Amino acid sequence: MASRARVRAPELVGAGGWLNTGGKDLTLADLRGKIVIADFWTFCCINCLHVLDELRELEERHRDTVVIVGVHSPKFVHEADHQAVVDAVARYEVHHPVLDDPELATWKQYAVRAWPTLVVIDPEGYVVAQHAGEGHAHAIEKLVEELEAEHAAKGTLHRGDSPYVPPEPEAGALAFPGKAVRLPDGGYLVADSGHHSLVELADDGETVRRRIGDGRRGLLDGPADQARFSEPQGLALLPPDTAAALGCDLVVADTVNHALRGVRLADGEVTTLAGTGRQWWQGSAVSGPAREVDLSSPWDVAWFADRVWIAMAGVHQLWAYDPATGTVEVAAGTTNEGLVDGPAAEAWFAQPSGLAAAADGSRLWVADSETSALRWIDAADLSVHTAVGTGLFDFGHRDGPADQALLQHPLGVTVLPDGSVAVSDTYNHALRRYAPPTGEVAAGEVTTLATDLREPSGAVLVGDDIVVVESARHRLTRLRLPEEAVRVEGTAHRTQRPATEVAPGPFRIDVVFSAPAGQKLDERYGPSTRLLVSATPPELLASGEGADSALSREVVLAADGLTEGVLHVSAMAASCDDDPAVEYPACHVHQQDWGVPVRLVPGGAARLPLVLAGMDDPAVDA
């Protein structure tokens, strides 16, 4: 067995305590003899949710040797609320112990820099590997198999049950509903995400008329009582002529299936309109026949400019499905995560999660959740604009001029009769309103319509009322649209992660990547790696920004009046099975985006190591 680097694992501690353990506090000593995978995640992060899904099969196959421990490390203030973590663990069906670490104590001890990060700890309590981002399940499984053999031979592997103790289930018609639409007969159709189905409610918003989907996670077309979904979210009714031609009345963003589904309301028949069931990766097709192109966590859908537009949260883009041609294509965004306006092909989004078209078709409003922003697409030239929000790290609950207002991870948008926009301000538990610019307020105005809503994720208009989907209260709540907005005391927040002290001037960024055992970098069609570097503010980088294939980059950090900023680093590496006898080797893409807060100080570090997969060599810093 080849030797590998090992570092003693720090203890797992968190002020919020443990979930899914039956009330017991776990220590690494309790887990000795098991292979521990510490999953540093936060529930706002789509990449973290992807990793939860990637780990499910590994968790099941190695249930007597592997213990996955979720270390919940919050980005947003709301995510530091213990009850919100309890809700998220139930919402995303996390079936392993979770440590609630609101103060990032364990995050700091493990020197984690990105969500998600996976740390593998061997049965003797040593860290043997670290992986940032998605796409590492195959590599981790290979490592687990090696560790099982190694420690079984040494007598240090202890087989047996996991310390996971499931919580008591809660009964109810809805479980963490996503979004809703108003049906022509006055009822509602709700994406019952936690039950992997759709529910039709009467006009009272409570009485269940029927359920579409059998309630089990899966991707299956057919009659209403047999079809299956996986955490569906967005819904959009189609225009009558399109519905007649397509044979379905409604489109569903079937999020975890990475698919669009169609529903015929007359009998509840479900079909798949777009997607393959596989998640899109860099290098996959970005247009083509809808059933042959991979999608990535579609979160909402809306009819706009004669197509179904898709909030493709998993790749920070907007896509469009054309029912007339049966094709899909990228409509806006580059896959880079951030807030950049401009032409659609050059704009950056960050987990877009809500869509709504203006009544006159002139704009498509977008809830861009990770930048806590309200964005819009101009129908005339498809350019991207920002109404509220400044970037990935600033958020809060502040009303007033839109260029100063703050939201916190909004998931839904609803166009109001006067042309203003109601924003489901999810992590502020509020319904906000954006009024476009007037002669008096050039930037537009943001007010608060309602508070004390629990994680609102969408809303629909009903006459002079608005019906809000309270996702974490598992219900629809009907409110009268107030003539005057509620006034709340404003608060502003910034993502609190420890800044790395770095020296101004020449600086090296090293992304550490080791191909998994039995694999090699895939160089068959050109470079197998990619590195993109930028900064906020842009002036932080005097040189070295942009994209290249090398995973190391020499940059220059500017010192002209700047004391702090954020380095944005995006890395991708592709590896394939290293066996000459295999004609078509299996290949895997590993990718991650980092936003690293830095503080410029004389004598600070001259190198930033970021582990994509493997272990960094501390000697490099010597």
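Because the structure is a prediction, the values reported are computed rather than measured.
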Between the side chains of Q408 and T426, does any donor sit under 3.5 Å from an acceptor?
no
Write down the atom of P352, the atom of A311, and the distance for their closest heavy-atom approach.
O-CB, 3.4 Å
Is the closest side-chain heavy-atom distance between Y164 and T21 below 4.5 Å?
no
Excluding sequence neighbours, so at least two apart, what forms side chain to side chain contact (heavy atoms under 4.5 Å, CB included) with K108?
L104, P498
Supply the atom-to-atom distance Q130 CD to H136 NE2, rounded to the nearest 0.5 angstrom.
10.0 Å
Value for CG (L551) from CG (L612), rounded to nearest 0.5 Å, stands at 7.5 Å
For this output row, return yes or no: ring centroids of H429 and H78 closer than 6.0 angstrom.
yes
Taken in chain and number order and not counting sequence neighbours, the residues that satisfy side-chain hydrogen bond (donor to acceptor under 3.5 Å, both in side chains) with S514 are none
OG1 on T65 to CG on L147, rounded to 0.5 Å:
9.5 Å
Residues in side chain to side chain contact (heavy atoms under 4.5 Å, CB included) with S543, at least two apart?
V556
Decide yes or no for I37 and V69: does some side-chain heavy atom of the first lie under 4.5 Å from some side-chain heavy atom of the second?
no
Do S424 and L411 come within less than 4.5 Å of each other through their side chains, counting heavy atoms only?
no
Less than 4.5 Å apart, any side-chain heavy atom of L567 and any of L557?
yes
Would you call R432 and D399 a salt bridge, using N to O less than 4.0 angstrom?
yes
Would you say the ring centroid of F43 lies under 6.0 angstrom from that of Y92?
no
Verify the neighbour count for atom CD of E57: are there more than 12 heavy atoms of other residues, nucleotides or ligands below 6.0 Å?
no
When you measure from the side chain of N428 to the backbone of G396, do you find a donor-acceptor pair of N or O atoms at a distance under 3.5 Å?
yes
I'd like to check V511 versus Q592 (side-chain heavy atoms, cut-off strictly below 4.5 Å). Are they in contact?
no
Contacts satisfying salt bridge (charged side-chain N to carboxylate O under 4.0 Å, His left out) that involve residues 31-50 (not counting sequence neighbours) are none
Compute the centroid of each ring, for H568 and then for W594, and state whether the two points are separated by less than 6.0 Å.
no
Just to verify, what does D403 make a salt bridge (Lys or Arg N to Asp or Glu O under 4.0 Å) with, not counting sequence neighbours?
none
If you count heavy atoms of other groups shown closer than 6.0 angstrom to CD of E103, is the number above 12?
no
Between the CD atom in E148 and the CG atom in L157, the distance rounded to the nearest 0.5 Å is 6.5 Å
Non-hydrogen side-chain atoms of R375 and D341 separated by less than 4.5 Å:
yes
Go through the steps for Q351 and H316 under the test side-chain hydrogen bond (donor to acceptor under 3.5 Å, both in side chains), then give the verdict.
CA-CA 5 Å; Q351 213 169 302; H316 316 300; 5.4 Å; no
So do P163 and L26 actually touch side chain to side chain, heavy atoms under 4.5 Å?
yes
Output, in order, the C-alpha distance, side-chain angles, deciding distance and verdict of ring pair (Phe, Tyr, Trp, His ring centres under 6.0 Å) for W280 and H258.
CA-CA 8 Å; W280 187 95; H258 310 297; over 10 Å; no
For a quick test of reading the model, state the closest non-hydrogen atom pair linking L531 to V569 and the distance between them.
CD1-CG1, 3.5 Å
Compare all side-chain heavy atoms of F349 with those of V384 and state whether any distance is below 4.5 angstrom.
yes
Heavy-atom closest pair (F393 atom, G595 atom, distance to 0.1 Å) is CZ-CA, 4.2 Å
Sequence neighbours excluded, the answer for side-chain hydrogen bond (donor to acceptor under 3.5 Å, both in side chains) partners of E370 is K75, H409
For residues 83-94, the salt bridge (charged side-chain N to carboxylate O under 4.0 Å, His left out) pairs (sequence neighbours left out) are D87-R454, R91-E455, E93-R217
Sequence neighbours excluded, the answer for side chain to side chain contact (heavy atoms under 4.5 Å, CB included) partners of L406 is R398, A492
W299: which residues meet the ring-ring contact (aromatic ring centres under 6.0 Å, His included) condition with it, sequence neighbours left out?
none
Measure across H96 and G70 and return the closest heavy-atom pair with its distance rounded to 0.1 Å.
CD2-N, 3.6 Å
Indicate the atoms forming the closest heavy-atom contact of C44 with E79, along with that distance.
N-OE2, 2.6 Å
Enumerate the residue pairs fulfilling salt bridge (charged side-chain N to carboxylate O under 4.0 Å, His left out) with a member in residues 120-142, sequence neighbours excluded, ordered by first and then second residue.
R6-D122, R6-E124, R61-E141, E124-K154
Check A137 against L58 and note the closest heavy-atom contact, atom names and distance.
O-CD1, 4.0 Å
Checking R607 against F507: charged group under 6.0 Å from the ring centre and within 45 degrees of the axis?
no
Quick one: do the H95 and E59 side chains pair a donor with an acceptor below 3.5 Å?
no
How would you list all residue pairs meeting salt bridge (charged side-chain N to carboxylate O under 4.0 Å, His left out) that involve residues 11-21, not counting sequence neighbours?
none
Between the side chains of S570 and R530, does any donor sit under 3.5 Å from an acceptor?
no
For the atom pair CG (L608) and CD1 (I509), what is the distance rounded to the nearest 0.5 Å?
6.0 Å
Interatomic distance, W107 atom CH2 to D101 atom CG [nearest 0.5 angstrom]
10.0 Å
Identify, with sequence neighbours excluded, every residue that meets side chain to side chain contact (heavy atoms under 4.5 Å, CB included) alongside T371.
L339, A350, D368, A373, L392
